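The structure under discussion appears below in the form of structure tokens.
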There are 2 protein chains.
Amino acid sequence: MDLFVSKYFNKIDKKGRISLPSSFRNALPKTNRNEIILYKSIKSSSIEGCGVGRLKEIAKRINNLDFFSEDYDDFSTSIFSEIITTNVDKEGRFLIPEELKLYAGIKTEAAFFGQGHFFQIWEPKQGLKNTEDSRRRLLKEKKSLRMMLTQQK
Amino acid sequence: MDLFVSKYFNKIDKKGRISLPSSFRNALPKTNRNEIILYKSIKSSSIEGCGVGRLKEIAKRINNLDFFSEDYDDFSTSIFSEIITTNVDKEGRFLIPEELKLYAGIKTEAAFFGQGHFFQIWEPKQGLKNTEDSRRRLLKEKKSLRMMLTQQK
DNA sequence: TGGGATTATTTGGGCGTCAATGGGTATATG
DNA sequence: CATATACCCATTGACGCCCAAATAATCCCA
């Protein structure tokens, strides 16, 4: 499965290492599975991550915004300049930079949430609350979520 | 037959394994019959499942949403982080995650209900009650059911 | 068409492998 | 030289794989 799916709760050890869930490792391109990128989410107090290949896709997204708009600069700056690359060790662990941990309020444990082509890292409680909130918002529009899940091609 | 049809009642063993009904296994695409996805039903306290192929469809659809919108995050979170992928072993068994078992009230036995392009997993009694209820609702509209079944194109 | 034989499916359990975690030590980097 | 990080090895528990028994479904022939 080449998508980031499900949620996982892992611990940060004394050295600051945390395991990237095995299924997430497998979702990374086979060519480069020991390097990921991390950045602050612009929409929530979470960290977003993905394989380095995804960078091009992000660039494309931003490029689709109006070049002369304020948004363009803002997204461009807050995403690209903040991106951090991290190495995943032989056991599948990596270090979350202090700044990002602070941003997300993460201390000894972190929750990984699959988001398809990328994933989010949350302080566990906040992450759970966020999924509840999302779901609540969507259930108000039950029809649209059902369509998303059950529609046939 | 590549559709999930009829109903089956299987047991969960000490290790938490349960057999995916043989006919359901055969309804999965021949290319990937050892991995399925599970998620909480939006409409009922049951688990819904299907092959991973559908997940890729869903991913595509979400990907077409405006990346910077709130909807994007809501869908992405509610779907990708709530969906669970499970492996089906050589004997056709798989594990139902604890969280989903709780959601559906399943303990030692589960009922599988074919729903065409997907299937539902119920606590047996609740599942039976649900089919009765929905049949009863349908019969109240006998006329429309007859039309549905007998109308020719 | 009944009923035993054959095959398929479900269920049970042993055991090896892998993922998550912990910690020692070498190596790099400033 | 001190701190940070990568590599190596070990432990634990969960899960996948294998083999086998029990149950259900199907077949086939008298």
Side-chain angles (χ1 to χ4, degrees), chain A residues 1-2 4-28 30 32-38 49 52 84-102 106-114 119 121-124 127, chain B residues 1 4-28 30 32-38 49 52 84-102 106-114 119 121-122 124 127:
Chain A
M1 173 67 67
D2 56 348
F4 300 104
V5 184
S6 289
K7 50 178 183 278
Y8 302 89
F9 299 85
N10 290 345
K11 295 185 206 327
I12 296 177
D13 69 19
K14 291 171 197 165
K15 298 182 176 182
R17 299 174 298 190
I18 188 167
S19 287
L20 184 65
S22 161
S23 86
F24 283 17
R25 262 136 54 199
N26 291 330
L28 294 171
K30 327 90 220 138
N32 190 2
R33 288 194 161 161
N34 53 359
E35 196 175 21
I36 57 174
I37 66 173
L38 301 174
V52 289
I84 290 166
T85 71
T86 311
N87 290 50
V88 179
D89 73 17
K90 293 281 171 70
E91 282 75 35
R93 293 175 289 194
F94 67 101
L95 298 170
I96 305 176
E98 208 51 46
E99 187 193 350
L100 294 183
K101 278 200 280 190
L102 269 173
I106 292 169
K107 288 186 231 144
T108 63
E109 197 177 357
F112 293 84
F113 290 86
F119 57 87
I121 310 175
W122 287 79
E123 186 283 321
Chain B
M1 169 69 73
F4 301 105
V5 294
S6 86
K7 52 179 182 283
Y8 301 89
F9 299 84
N10 289 344
K11 295 187 204 331
I12 296 177
D13 70 19
K14 291 172 197 165
K15 295 183 173 183
R17 300 173 298 190
I18 189 168
S19 286
L20 183 67
S22 162
S23 86
F24 284 17
R25 261 135 55 199
N26 291 330
L28 295 171
K30 328 87 219 143
N32 193 359
R33 288 194 161 160
N34 52 359
E35 198 175 20
I36 57 174
I37 67 172
L38 302 175
V52 292
I84 287 161
T85 66
T86 311
N87 290 47
V88 179
D89 72 17
K90 292 282 168 70
E91 283 74 35
R93 293 174 289 192
F94 66 100
L95 297 171
I96 306 177
E98 209 51 45
E99 187 190 351
L100 294 184
K101 280 199 280 190
L102 269 173
I106 292 169
K107 288 188 230 143
T108 63
E109 197 178 357
F112 293 83
F113 291 87
F119 57 87
I121 310 175
W122 287 79

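Model, not experiment: these values are computed from the prediction. The sequence lines fix the lettering, A, B, ..., with proteins before strands; numbering per chain opens at 1.
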Practice task
Look at the aromatic rings of A:Phe24 and A:Phe4 and report parallel, tilted or perpendicular, splitting at 30° and 60°.
Solution key: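 Perpendicular, since the angle between the ring planes exceeds 60°.
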Protein-nucleotide distance ([X], atom [atom1]; [N], atom [atom2]), rounded to Å:
| X | N | atom1 | atom2 | result |
| --- | --- | --- | --- | --- |
| A:Asp13 | D:dA10 | CG | C1' | 14 Å |
| B:Tyr8 | C:dA8 | OH | C1' | 13 Å |
| B:Ile84 | D:dC15 | CD1 | P | 12 Å |
| B:Glu98 | D:dC15 | CD | P | 10 Å |
| A:Lys90 | D:dT5 | NZ | P | 18 Å |
| B:Phe94 | C:dT9 | CZ | C1' | 15 Å |
| B:Lys14 | D:dG16 | NZ | P | 19 Å |
| A:Ile18 | C:dA20 | CD1 | P | 10 Å |

For a quick check, tell me whether the side chain of [X] and the base of [N] share a donor-acceptor pair closer than 3.5 Å.
| X | N | result |
| --- | --- | --- |
| B:Lys11 | C:dG12 | no |
| B:Arg93 | D:dG16 | no |
| B:Arg17 | D:dG16 | no |
| B:Glu91 | D:dC18 | yes |

Between [options], which one does the side chain of [X] approach most closely?
| X | options | value |
| --- | --- | --- |
| A:Leu95 | D:dT5, C:dT21, D:dC18 | D:dT5 |
| B:Asn87 | C:dG22, D:dG16, C:dA19 | D:dG16 |
| A:Lys15 | C:dA20, C:dT10, C:dG24 | C:dG24 |
| A:Ser19 | C:dT11, C:dA20, D:dC18 | C:dA20 |

Worksheet entry | Residues A:Thr85, A:Ile36; criterion side chain to side chain contact (heavy atoms under 4.5 Å, CB included); working and verdict | CA-CA 6 Å; A:Thr85 71; A:Ile36 57 174; over 6 Å; no
Contact class for A:Leu20 vs. all strands (heavy atom < 4.0 Å): base, sugar-phosphate, or nothing?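 A:Leu20: backbone/sugar contact only, no base atoms under 4.0 Å.
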Taken to the nearest 0.5 Å, the spacing of A:Tyr8 OH from A:Phe113 CZ works out to 12.0 Å
field: Polar side-chain atom of B:Arg33 near backbone of B:Arg25 as donor-acceptor pair, under 3.5 Å
entry: yes
Item checked: Electrostatic pair A:Lys7:B:Glu99 at N-O distance under 4.0 angstrom ->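 Answer for the salt bridge query: yes.
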